[in-house]
Amino acid sequence: MRASHFAINTMKETPAEAEIVSHQLMLRAGMLKKLASGLYTWSPLGLKVLRRVETIVREEMDAAGALELLMPAVQPAELWEESGRWQQYGPELLRLTDRHGRDFCFGPTHEEVITDYARRELKSYRQLPVNFYQIQTKFRDEIRPRFGVMRAREFVMKDAYSFHADAESLEQTYQLMYTAYSRILDRLGLAWRAVVADTGSIGGNASHEFHVLADSGEDAIAYAVDGDYAANVEMAPTFPATQPRPEPAETMTEVATPNARTIEEVAATLDLPASRTVKTLLVTGTESTAVALVLRGDHSLNEIKATKHPAIAEPLTFVDEAEAPKLIGASVGSIGPLGLDIPVIADHAAAALSDFACGANKNGYHITGVNWARDLPEPETADLRDAVAGDPAPDNQGKLDICRGIEVGHVFQLGDKYSRAMNCEVLGEDGKPITPLMGCYGIGVSRIVAAAIEQNFDERGIRWPQPIAPFTVVIVPIGANKDASVMERAESIYADLRARGIETILDDRGMRPGAAFADWELIGIPLRVVVSPRGLAAGQLEVRRRDAEANEDIAADGLFDWLDAHLA
RNA sequence: CGGAGUGUAGCGCAGUCUGGUAGCGCACCUGGUUUGGGACCAGGUGGUCGGGGGUUCGAAUCCCUCCACUCCGACCA
């Protein structure tokens, strides 16, 4: 491709609407243009990246035996009424009416359509298992689209749906998809992690989310440093202490802590680490007006875990600050577990403390040297907090650490939710009808493009992983106006690279070098070759990796060696 | 849906309080000089000032109303 024939259109200034790096850089590099909230036009440059992602996804899905098909984006309401989701789905479902007054929706997902297809297409268990997929544009009418294509309303998704005669077969395909997703993310050149996901109300046995790791990710992931365990922080369990509690060494001492309300203030006033204090939270109980939850000062309550506790009312509700003094005799900030006549539930870590500090249930006072069993009853214990770095991982996999991720894929064992609701049956081995089990497997194709940038950028712009870069190599001739041999040489290199099947763009725009370099660094082309009169005179070419600190001069006839060494 | 904010040229912004017929930087076009890290000079193109209504001799500016967009929250879960 010649740059003069390709719509390269970069921006020096960042549009005010873009909050996150990937959105800013995609706009500045000219990959995207917004049409309306959550709706984007992909430019030729942006589409090149999107297509490369699609191609890798398609190749791996095909390799895993999935069959590509294409379903309509617009779906009749009747199908959604059959599954019950026409009522359930809410305003996120974009509903349409055609000229005859029939209801439709723009598909946010395709379980209904594929199940309808399957019940008409599949007659016998002999046709199972089968795994259909498509790469389609979806629409979800997000309340608040943001972050460009990271959370757009219209987006490109690969979705696959498998059908099985039994659970074992579903499990096999699930594993196959898990492997395929791993291969896809590896091939994309991204750092990623598969995490255990909540199976939620839909049921099913297993679900994993695939996250691209990036500091800006919306989800916090707890993972085993020395193992393969990973889960959303909200899902990661914490465990009772394995060591016995140290013997009490201090006596209880009441300390005035005026103006110390938060744990930080209390810990500073008492000159103790926050991990030697506890905080006591009052929430509404199922059988009592309030339940006291005791957590170590440096830990945070996990509301999902708390809500699952039978003594705690759902949804989780904190006791109003104004109500606390009536119940306890002290305001929020001076509450502790001592002498309470409401149920006390301590997090495992809080229960493992000795000689800790807590509120005195007397405004402006805390008590140090408190010990379970000696000073107050052994509490009921539970897992109530978010996992933190250093916690033990499940299954003896060492310690956990925390990182952030962007969810780009999700694999799910659906079971028979849709096949049963929509009466999808095939004849089994014994001649009797069976309801196939289903799995579904999604990848956010357009989101991957944004996630790749969130993981790979610097102050100059995007640093594409080679497998998805719009071009692998850019050739920048310098001083072509002074020396005709520069352009001749650039052209011949261009022809050579193309002959080798390397995606190359030749910058024939005749710009000043600084401006040209800035453009290609913003756009993020992984490898750059500079042809200049100076270099030609010395028999050299200048090359540079996008992720390198400096230029490299190589012998002109060594270009292919250099490329071979740096092509992914 | 609640709260806050913003709509002026492709992008970033000033002008609005105090009404007088629209401006700056970047980008773009022409010519010239330049050419190794976002060049310079000169001359240009481009705006129903988000839409509609009102007040006024006169509205980007004041009033009413609608719309769009952004942020926070709620909802989705």
Side-chain angles (χ1 to χ4, degrees), chain A residues 7-20 23-30 32-41 43 85 87-94 108-109 139-148 151-153 197-203 207 209 218-219 232 234-235 303-304 307-308 314-317 407 410 412 458-461 474-484 486-487 490 507-523 528-538 540-544 546 548-553:
Chain A
I8 300 286
N9 202 0
T10 61
M11 261 189 292
K12 211 178 291 185
E13 292 184 277
T14 303
E17 68 182 38
E19 287 249 329
I20 60 168
H23 190 196
Q24 293 172 349
L25 292 177
M26 287 177 86
L27 291 174
R28 286 187 54 210
L32 282 184
K33 215 54 166 178
K34 183 167 79 172
L35 178 65
S37 179
L39 303 177
Y40 292 88
T41 296
S43 72
R85 293 208 291 184
Q87 282 74 28
Q88 270 177 31
Y89 219 88
E92 208 175 85
L93 185 64
L94 178 66
T109 178
F139 191 96
R140 291 182 190 168
D141 200 355
E142 296 274 352
I143 294 177
R144 195 143 82 81
R146 55 184 139 175
F147 305 150
R151 175 157 307 177
R153 292 196 291 178
D198 191 356
T199 50
S201 52
I202 302 177
S207 178
E209 293 171 356
E218 287 188 280
D219 298 297
N232 195 300
E234 295 180 336
M235 291 282 299
E303 301 195 9
I304 293 173
T307 305
K308 286 179 181 161
E314 188 180 352
L316 187 75
T317 315
E407 184 189 347
H410 200 159
F412 212 113
D458 61 20
E459 65 288 345
R460 292 178 170 180
V474 57
I475 302 168
V476 185
I478 284 180
N481 54 324
K482 286 182 182 159
D483 184 345
V486 167
M487 207 57 192
D507 192 349
D508 57 347
R509 299 176 298 173
M511 296 170 66
R512 299 170 66 86
F517 293 158
D519 267 356
W520 298 115
E521 283 161 353
L522 172 60
I523 291 168
R528 182 176 83 195
V529 178
V530 175
V531 184
S532 68
R534 195 174 73 195
L536 288 184
Q540 290 183 322
L541 292 170
E542 175 189 298
V543 292
R544 179 154 176 178
R546 176 64 181 82
E549 293 293 321
N551 300 329
E552 241 181 285
D553 288 316

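Just so you know, these numbers come straight off a predicted model, no measurement behind them. So you know, we letter chains A, B, ... as the sequences are listed, proteins then strands, and number each from 1.
- Between B/U56 and B/U61, the distance separating the two C1' atoms is 13 Å to the nearest Å.
- A heavy-atom distance below 4.5 Å is found between the side chains of A/P108 and A/L93.
- Going from the P atom of B/U30 to that of B/C66 covers 47 Å, rounded to whole Å.
- Pairing partner, B/U6: B/A68, with both Watson-Crick or wobble hydrogen-bond distances short of 3.5 Å.
- On the P atoms, B/A60 is 15 Å away from B/U8, given to the nearest whole Å.
- Heavy atoms of A/A516 sit nowhere under 4.0 angstrom from any nucleic acid atom.
- Taking atom CD of A/E13 as the reference point, atom P of B/A14 lies 12 Å away to the nearest angstrom.
- Residue-level contact check: A/R544 touches the bases, meaning some heavy atom is under 4.0 Å from a base atom.
- In this structure, A/S532 reaches the bases: a heavy-atom distance under 4.0 Å links it to at least one base atom across the strands shown.
- Where A/A515 and A/G479 meet RNA chain B, the nucleotide closest to each residue was compared, and A/G479 sits on the side nearer the 5' end.
- With B/A39, B/G38, B/U70 as the candidates, the nucleotide lying closest to the side chain of A/R512 is B/A39.
- Sequence order on RNA chain B of the closest nucleotides to A/Q88 and A/K12 puts A/K12 first from the 5' end.
- Comparing B/G38 with B/G15, their P atoms are spaced 31 Å from each other, to the whole Å.
- Within the 4.5 Å cutoff, no side-chain heavy atoms of A/K34 are placed close to those of A/T41.
- When each of A/R460, A/R512, A/M511, A/R528 is tested with A/F517 by the rule side-chain contact (heavy atoms from CB on, under 4.5 Å), just one qualifies, namely A/R528.
- Contact annotation for A/D519: base contact, defined as any heavy-atom pair under 4.0 Å involving a base atom.
- Rounded to the nearest Å, the gap between the C1' atom of B/C67 and that of B/A77 is 31 Å.
- Here B/G38 sits opposite no nucleotide as a Watson-Crick or G-U wobble pair (both hydrogen-bonding atom distances under 3.5 Å).
- The backbone N or O of A/A18 lies less than 3.5 Å from a partner atom in the side chain of A/Q24, making a donor-acceptor pair.
- Base pairing of B/A14: no nucleotide in any strand meets the Watson-Crick or G-U wobble criterion (both distances under 3.5 Å).
- When both distances must be under 3.5 Å, the Watson-Crick or G-U wobble mate of B/G43 is B/C29.
- Looking at every heavy atom in both residues, A/P477 comes nearest to A/D507 through CD-O, 3.0 Å.
- Across the C1' atoms, B/C26 and B/U65 are found 36 Å apart, a figure rounded to whole Å.
- In this structure, A/V476 and A/V529 have side chains that are not in contact, with every pair of non-hydrogen atoms separated by 4.5 Å or more.
- Nucleotides B/G12 and B/C1 are separated by 33 Å at their C1' atoms, to the nearest Å.
- Nucleotides B/A27 and B/G73 have their C1' atoms positioned 38 Å apart, rounded to a whole Å.
- The distance between atom CG of A/D507 and atom P of B/G37, rounded to the nearest whole Å, is 16 Å.
- The residue A/R146 sits close only to the backbone: its heavy atoms come under 4.0 Å of sugar-phosphate atoms, none of a base.
- Look at A/R28 and A/E13 and you find no salt bridge, because none of the NZ, NE, NH1 or NH2 atoms lies under 4.0 Å from a carboxylate O.
- Checked against B/G37, B/G10, B/C71, the side chain of A/E19 finds its nearest nucleotide in B/C71.
- Using a 4.0 Å heavy-atom criterion, one finds that A/D141 contacts no nucleic acid atom at all.
- Within the nucleic acid shown, A/E542 comes within 4.0 Å of at least one base atom, counting heavy atoms only.
- B/G19 is unpaired under the Watson-Crick or G-U wobble criterion, no partner having all donor-acceptor distances under 3.5 Å.
- Judged by atom type and distance alone, A/R144 does not reach the base of B/U70 through any side-chain donor-acceptor pair under 3.5 Å.
- Heavy atoms of A/R528 sit under 4.0 angstrom from at least one base atom.
- B/G73 and B/C1 make up a base pair, with Watson-Crick or G-U wobble contacts both under 3.5 Å.
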